[in-house]
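One structure below.
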Amino acid sequence: MTQGFVFSWAENAEGKMVHVDDVPRGLNCGCTCPNCHETLLARHGEVNEHGFAHHSETRGANLKICYMVIMYKLAEQIVQTKKRIHAPSYYGIFKETDIEFESVIIDSQYEREDKQPDVIATTKDGKQYLIEFVFKYKVQHKQALDYKNLTCIEIDLSSQSLESLEKFLLSSSEDRKWLNSEDYFNRIEETYRKAGKAIRIVNETECEHCDLKYDCCAVTQSYSPLVIENNGIRYRLCKTEFYEQKQKARKERLEEEERARKERIEWQKEQRRLQEERLSKARIQEERNWMNIVPIDSSANVYSSDERMTVVEGEQRNCLNCQSNLTWANRDGWANCGCYISLGLPKQRVNPNYAKQCLRFRLKH
């Protein structure tokens with residue numbers, strides 16, 4: 001807002017905002033300040049001091065606040081008189097446009113306790129628009145405006161002067177935004193479909209649980225997802241075809257990763273099996289080396305060693321005749337000497353008849 005505070009407008013006795021050029025000079029103007037209600041003096045200077053001035057001995061008025069209130073009331077009056085407003089683009093989806101009104105109701109209260117809008121304007125086809133005027137460093141509503149399920153435009157007057165205000169309201173798209181628009185919001189998907197683009201309106205809370213939240217498929221604006229607010233809820237526009245492609249690629253990637261994981265597990269199992277097999281063969285070989293016995297005629301089942309085996313005449317070799325099987329190892333009629341290693345058997349008790357093949361057999365004397 002301008003800092004010169006040129007008061008070119010004031011309120012007359014009928015409560016209308018009037019320009020200094022349209023009223024008599026001096027106190028005969030019959031105007032007051034709508035904020036502090038002091039009498040105003042109209043100055044028609046040809047060079048300097050062309051405007052209204054507060055006429056009091058104390059001059060205690062806060063001119064900044066007075067200027068804002070005058071601008072606020074003048075903005076309402078402009079919309080009511082001209083019966084139109086220039087509306088901004090709706091998130092780049094719908095173009096900025098002039099909206100013509102059939103009727104305009106203004107509030108005329110700068111500060112109030114209720115939640116009514118500054119302007120209620122209705123078009124010929126019966127659509128109702130709420131218009132709110134704000135200053136970025138001052139909010140005149142003590143309660144937030146309840147605009148849900150309604151159509152509302154907010155216009156910031158902070159950067160304007162009384163002289164620029166009318167052109168700003170009727171021609172510019174700057175410093176204004178849609179607080180809500182049920183009409184535009186409900187037409188978004190149809191508008192994209194007509195343009196050959198499929199989108200789905202998604203609540204942002206749903207996006208938080210999406211598998212692709214770190215690879216978002218939303219329509220972007222300035223390299224960030226476009227966020228649309230409606231009825232106090234934030235939404236994104238998800239590009240459905242792009243979303244389906246990414247979900248398919250993600251599924252294929254996960255399936256490939258799962259196949260690779262299973263193959264890795266099978267490979268590890270095979271490696272463990274081969275390792276166990278090598279260890280088993282190594283243990284058998286180690287046992288044979290320890291006994292220093294090498295088969296020389298497997299068909300005859302005869303063995304040689306440094307100390308030749310003695311065969312018991314009249315009876316077959318039996319584990320229980322072996323020196324390695326002490327009395328404590330012969331319980332339950334089974335051999336428990338550990339000869340399963342040399343026999344290449346799993347860890348178990350051994351049938352005594354295996355003595356014919358055992359490389360560790362030593363006849364008891």
Can you check whether Tyr91 and Tyr184 have ring centres sitting under 6.0 Å from each other? no
Might you point out which heavy atoms bring His37 and Pro34 nearest each other, and give the distance in Å? CE1-O, 3.5 Å
Is it the case that the side chain of Lys246 and the backbone of Asp215 share a donor-acceptor pair, with hydrogens and angles ignored and the cut-off at 3.5 Å? yes
Closest approach of Glu229 to Tyr90 (non-hydrogen atoms, all atoms of both residues): O-OH, 4.4 Å
Search all heavy atoms of Thr151 against all heavy atoms of Glu182 and return the closest pair with its distance. OG1-N, 3.9 Å
Between Asp21 and His44, does any side-chain donor sit less than 3.5 Å from a side-chain acceptor? no
Any Lys/Arg nitrogen of Glu190 or Lys194 sitting under 4.0 Å from an Asp/Glu carboxylate oxygen of the other? yes
Using a strict 4.0 Å threshold on nitrogen-to-oxygen distance, state whether Glu256 and Lys251 make a salt bridge. no
Counting heavy atoms not belonging to Glu241, are there more than 12 under 6.0 Å from its CD? no
Out of curiosity, Ile105 CD1 to Asp118 CG, how far, rounded to the nearest 0.5 Å? 13.5 Å
Before you tell me yes or no, could you show the steps for Glu132 and Ile155 under side chain to side chain contact (heavy atoms under 4.5 Å, CB included), namely the whole-Å CA-CA distance, both residues' side-chain angles and the distance that decides it to 0.1 Å? CA-CA 6 Å; Glu132 275 294 296; Ile155 302 178; over 6 Å; no
Is the side chain of Ser222 donor-acceptor paired with the backbone N or O of Ser224 at a distance under 3.5 Å, no angle test? no
For the aromatic rings, using the six-membered ring if either is Trp, is the centroid distance between His86 and Phe168 under 6.0 Å? no
Glu166 with Lys82: basic N within carboxylate O range, under 4.0 Å: yes
Work out which heavy atom in Leu226 is nearest to a heavy atom in Gln221; give both atom names and the distance. CD1-OE1, 3.5 Å
ILVMFWY network linking Leu212 to Ile199, side-chain heavy atoms under 4.5 angstrom: no
Would you give the length of the straight line joining atom CG of Asp156 to atom NZ of Lys177, rounded to the nearest 0.5 angstrom? 9.0 Å
Would you compute the distance between atom SG of Cys217 and atom NZ of Lys239 and round it to the nearest 0.5 angstrom? 7.5 Å
Only one of Leu40, Asn12, Asn28, Val18 forms a side chain to side chain contact (heavy atoms under 4.5 Å, CB included) with Val23, so which one is it? Val18
Is Thr81 reaching over with its side chain to a backbone N or O of Gln77, donor-acceptor style, under 3.5 angstrom? yes
Would you call the rings of Trp178 and Tyr129 parallel, tilted or perpendicular, taking 30° and 60° as the class edges? tilted
Using the side chain to side chain contact (heavy atoms under 4.5 Å, CB included) definition, which of the options Val227, Thr220, Val219 pairs with Leu237? Val219
Cationic N near anionic O, under 4.0 Å, Glu11 to Lys73: yes
same_hphob_cluster(Phe185, Phe94) at 4.5 Å side-chain heavy-atom cutoff: yes
Nearest-0.5 Å distance, OG of residue Ser164 to CE of residue Met71: 6.5 Å
For Arg272 and Gln275, which I'm curious about, is there any donor-acceptor pair between the side chains at under 3.5 Å? no
Electrostatic pair Glu258-Arg261, nearest N-O below 4.0 angstrom: yes
Atom NZ of Lys16 and atom SG of Cys31: how far apart are they, to the nearest 0.5 Å? 14.0 Å
Spell out, as yes or no, whether a donor-acceptor pair under 3.5 Å connects the side chain of Ser280 to the backbone of Glu276. no
Heavy-atom count around Lys83 NZ within 6.0 Å, excluding the residue itself: above 12? yes
Quick one: do the Asn203 and Thr205 side chains pair a donor with an acceptor below 3.5 Å? yes
In plain terms, say whether Glu204 and Arg236 are close enough for a salt bridge, that is, a side-chain N and a carboxylate O under 4.0 Å apart. yes
Write down the atom of Ala10, the atom of Thr32, and the distance for their closest heavy-atom approach. CB-O, 4.1 Å
Ser8 side chain to Gly51 main-chain N or O, any donor-acceptor pair under 3.5 Å? no
Any carboxylate oxygen within less than 4.0 angstrom of a Lys/Arg side-chain nitrogen, looking at Asp211 and Arg250? yes
